[in-house]
K.L.:
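Would you mind keeping the following structure in view while I ask a few things?
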Amino acid sequence: MIAEVIVDVAAHPIDRPFDYAIPKEVAVLAEPGMRVKVPFGNRKVLGFITKLKETSEFDPKRLKPIHELMDVVPVLNEELLKMAQWMKEQTVCFEIDALQVMVPAALRAKYEKRFVLNAPLEEIAAPLRIYFEKRPFIRLQDAVDIYSLLKKEMEKGTIIADTDIQQQTAVKKVRMIHISDSIEKLEAIEIRANAKQQLKLMDFFLRNAGRSIESSQLQKEAEVSLPTIYSLVEKEAAQISNMESYRDPKLLTEIEQKSSLQLTGAQQIAFDSIENALNTPKTFLLHGITGSGKTEIYLQTIDQVLKQGKEAIMLVPEISLTPQMTIRFKERFGDQVAVLHSGLSAGEKYDEWRKIQRAEVKVVVGARSAIFAPFQNLGLIILDEEHESSYKQDDSPRYHARDMAIWRSEYHNCPVILGSATPSLESYARAQKGVYELLVLEKRAKNQPLPDVHIVDMREELRNGNRSMFSVQLADAIRDRLEKKQQTVLFLNKRGYSSFVLCRDCGTVMQCPNCDISLTYHRSSETMKCHYCGYDERVPKTCPECESEHIRFFGTGTQKVEEELAKVVPEARVLRMDVDTTRNKGAHEKILSAFGEGKADILLGTQMIAKGLDFPNITLVGVLSADTTLHLPDFRAAEKTYQLLTQVSGRAGRDILPGTVFVQSYTPEHYAITLAKDQLYEPFYEQEMAMRRASGYPPYYYVVNIQFTHEDLMTVAEYADQTVRYLKSHLSPNTLIIGPSASLIARVNNRYRYQCLIKYKKEPKLTDTMQQLIKIHRTEWLKKGATLSIDMNPTSVM
DNA sequence: GGTTGGATCCAA
DNA sequence: TGGATCCAACCT
């Protein structure tokens, strides 16, 4: 038997199956979808079996055998293997990247370089022997001091270099103690009278004969230590076994089971449409204003799917920010739910994934990669907040969860629901064309009015001499809420407020020496870091340009606002939520629940808090500057602004108390701002579509962004230039090629970056042409040190 | 991506 | 001529 293996080497020439012989001993076990260790060149790498076959085109004498099977049960099923190939074509990525992204990180390989003893210990130099006494190898990282000695031994061949493949996290095992069920046997065991601990434990055993208990639990209950347990195990009073167990990610809130809510008329209509299509591969766009009760529809549709004995995937943009969603799912479906989000450790994610693989759960709630949940019998896929850009992975494989969802829906003959208050223009346009079925919820479920949104012209404020970041109206409103003991949420758009370090005398902003970007100030370590290449240095005492000592660093934007806020309302209790305060595990939940319990008056943060904030006492929302996202050089700037404002406004007045929103802007007349005020999606859609049509962007055109990098500016410019000429001569005349031009950040890590844009409506030769580009890259540019990256349907073109 | 081995250049 | 160093080829 021969196995086709996709090897864990992400490089253009390796991006194809390699044939391996399957050793006789494991021939019965080997299956497609299993991970294997294989020799590759003169090292060993991990790979995935993608196919089994009888014969190979490759010279059988040169065929190497698989070194080791890493799985007993395949980690990828037939569907996912097929999907990986499709994904490779769609996103122009390496097949290995597609395969790896489908598997939990814990199952991806960790490579460790080490030196292995290849002769009797006595034959190597005396000073080295102590290193090899315990183990026949030493890890590279532990061997820095003895490197020259090792090198000599390697020349003799007594020590060889090797790479070891390790699995990161394994199955968690717990020690179970099985107490003997025979009282007579227990009573017959002799224990010395002075062994007080053992006597105490035996007493416990007699009272609990026949019970199986986790050893840590036993230590607590019987108040004894582990050695005591072991000594009784030796006397055969109990047996020890290791049992597989799941890590248990603790939720802060107790979950009680809840049943369905009564659907409103509009919800019922939407629900019925989906229910009627449960066994068809249909895509619905559920357009419901904030607070219209989309989640309840999701829950009840999933319930129907479960009744059919099928499974469901529920995607959310970033689940660690939306604990409420997780809680609602657990309330409704209990332990049939697996949760996958970035707040979990690799081991916890692996455990959740295993529950899915073993069909122990029926529903998965998770972020982007949960779309690859290995369910065998999918009945429904939901993407909540479908417009969110986090559904598109921004490095290879650059896939969009929405595309993957639709592919799987066709495979399983099941529907997809795309839900949003502010659908992406692409999805809405498809719904208009009838590709998706549009379902609309126009009213809030509890019939609350929409929040009262005021747009504040900040130019006016400036003219009136108010130079602070709070308008008079907003400041008054904050004080008012403070008096009424109601809560306020303040949003700051992160971009444009990054924390740079500046010389106040000459105006120099500290730049990264490797990239064309300013360094970011990190208060905790008193350093400046480059977020693109990782470069860091201490904040200088004097300016490197003019030697002035007037170095000023701005903390993160939110810190600055917090300081200003203290001047406006010194008595307010403020909670700040940003990258600094949420670094620790579970910090999001803690801050949010603290706010929910009324431990603060004001919650201040970036748009990361916009999602899932659902507290009845929030009656005021302030957007400090709506402009920062609006004027980004990106075709989605207006769309993003509209979405953000709508979402943020929706945080106010979700319960009985009505909500008020202040949106501060220097361009208050912009349609993205004026139309978000009353959640007028349709008019916004029309106007933005007109802009897109005029400028030739999605949904009118599809876009491909191609980026080139090279150490040398001239070389990269030439590469980009040649590519553009190639594209122009090979693609159809209606297709537009924009550029080449230098990227917005023209140099990263000392490499210059150029890009060009393909805009097309219909381009049957696109995939072929991209493959051609890769071929040219491989044969001509790779060896010159250039890189090529292709982003199909990018979320932004900056 | 990582290893190897051959070509090339330099100091003796 | 050893040896350092730089690339191109190859990987089943």
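Just the heavy atoms: all of them, side chains too, but no hydrogens, waters or symmetry mates, feed the values below. All chains are named by letter (A, B, ...) in the order of the sequence lines, taking the proteins before the strands, and each is independently numbered beginning at 1.
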K.L.:
Salt-bridged, A:Arg747 to A:Asp516, with N to O below 4.0 Å?
P.N.:
yes
K.L.:
From CG of A:Asp8 over to P of B:dG2, roughly how many Å is that when rounded to an integer?
P.N.:
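Interatomic distance, CG of A:Asp8 to P of B:dG2: 10 Å.
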K.L.:
Check the distance between C:dC11's C1' and A:Lys37's NZ and give it to me in whole angstrom.
P.N.:
19 Å
K.L.:
Counting only Watson-Crick or G-U wobble pairs whose two distances fall under 3.5 Å, which nucleotide matches B:dA12?
P.N.:
none
K.L.:
Would you please confirm or rule out a distance under 4.0 Å between OP1 or OP2 of B:dT4 and any side-chain N or O of A:Asn42?
P.N.:
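So the side-chain polar atoms of A:Asn42 do come within 4.0 Å of the phosphate oxygens OP1 or OP2 of B:dT4, strictly under.
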K.L.:
Report the C-alpha distance between A:Ser396 and A:Asp97 in whole Å, list the side-chain angles of each, state the deciding distance to 0.1 Å, and finish with yes or no for side-chain hydrogen bond (donor to acceptor under 3.5 Å, both in side chains).
P.N.:
CA-CA 7 Å; A:Ser396 179; A:Asp97 284 338; 3.2 Å; yes
K.L.:
Looking at every non-hydrogen atom in both residues, tell me the closest pair between A:Asp712 and A:Tyr752 and how far apart they are.
P.N.:
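Looking at all heavy atoms of both residues, the closest pair is C-CD1, 4.1 Å.
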K.L.:
Check the distance between C:dC10's C1' and A:Leu782's CG and give it to me in whole angstrom.
P.N.:
13 Å
K.L.:
Looking only at the side chain of A:Phe18 (C-beta and beyond, no hydrogens), which of the listed nucleotides B:dT4, B:dG1, C:dT12 gets closest?
P.N.:
C:dT12
K.L.:
Nearest whole Å is fine: how far is C:dC10 C1' from A:Phe40 CZ?
P.N.:
8 Å
K.L.:
If you look at every strand shown and take non-hydrogen atoms under 4.0 Å, does A:Asp19 touch a base, only sugar-phosphate, or nothing?
P.N.:
base
K.L.:
Across the strands shown, which category fits A:Ile2 at heavy-atom distances under 4.0 angstrom: base, sugar-phosphate, nothing?
P.N.:
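Answer is nothing: A:Ile2 stays at 4.0 Å or more from every strand.
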K.L.:
Rounded to whole Å, how long is the line connecting atom CZ of A:Arg43 with atom P of C:dC11?
P.N.:
13 Å
K.L.:
Contact class for A:Tyr20 vs. all strands (heavy atom < 4.0 Å): base, sugar-phosphate, or nothing?
P.N.:
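The residue A:Tyr20 makes sugar-phosphate contact but no base contact.
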K.L.:
Please determine which of A:Pro794, A:Ser789, A:Cys756 meets the side chain to side chain contact (heavy atoms under 4.5 Å, CB included) test together with A:Ile706.
P.N.:
A:Cys756
K.L.:
Which part of the nucleic acid, if any, lies within contact of A:Arg62, taking any heavy atom under 4.0 Å across all strands shown: a base, the sugar-phosphate backbone alone, or nothing?
P.N.:
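Here A:Arg62 touches the backbone only, sparing every base.
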K.L.:
Return the value, rounded to whole Å, for the distance between atom CD of A:Glu780 and atom P of C:dA9.
P.N.:
13 Å
K.L.:
What contact category does A:Ala10 fall into here, base, sugar-phosphate, or nothing, at under 4.0 angstrom with non-hydrogen atoms?
P.N.:
sugar-phosphate
K.L.:
Side chain of A:Lys113 only, please: which of B:dG1, C:dT12, B:dT3 is the nearest?
P.N.:
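Selected nucleotide (nearest to the side chain): B:dT3.
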K.L.:
Salt-bridged, A:Asp8 to A:Arg35, with N to O below 4.0 Å?
P.N.:
no
K.L.:
Over how many whole Å does the gap from A:Glu112 atom CD to B:dG2 atom P extend?
P.N.:
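So the CD-P distance, A:Glu112 to B:dG2, works out to 15 Å.
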K.L.:
Rounding to an integer number of Å, can you tell me how far A:Ile14 CD1 sits from B:dT3 C1'?
P.N.:
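Interatomic distance, CD1 of A:Ile14 to C1' of B:dT3: 12 Å.
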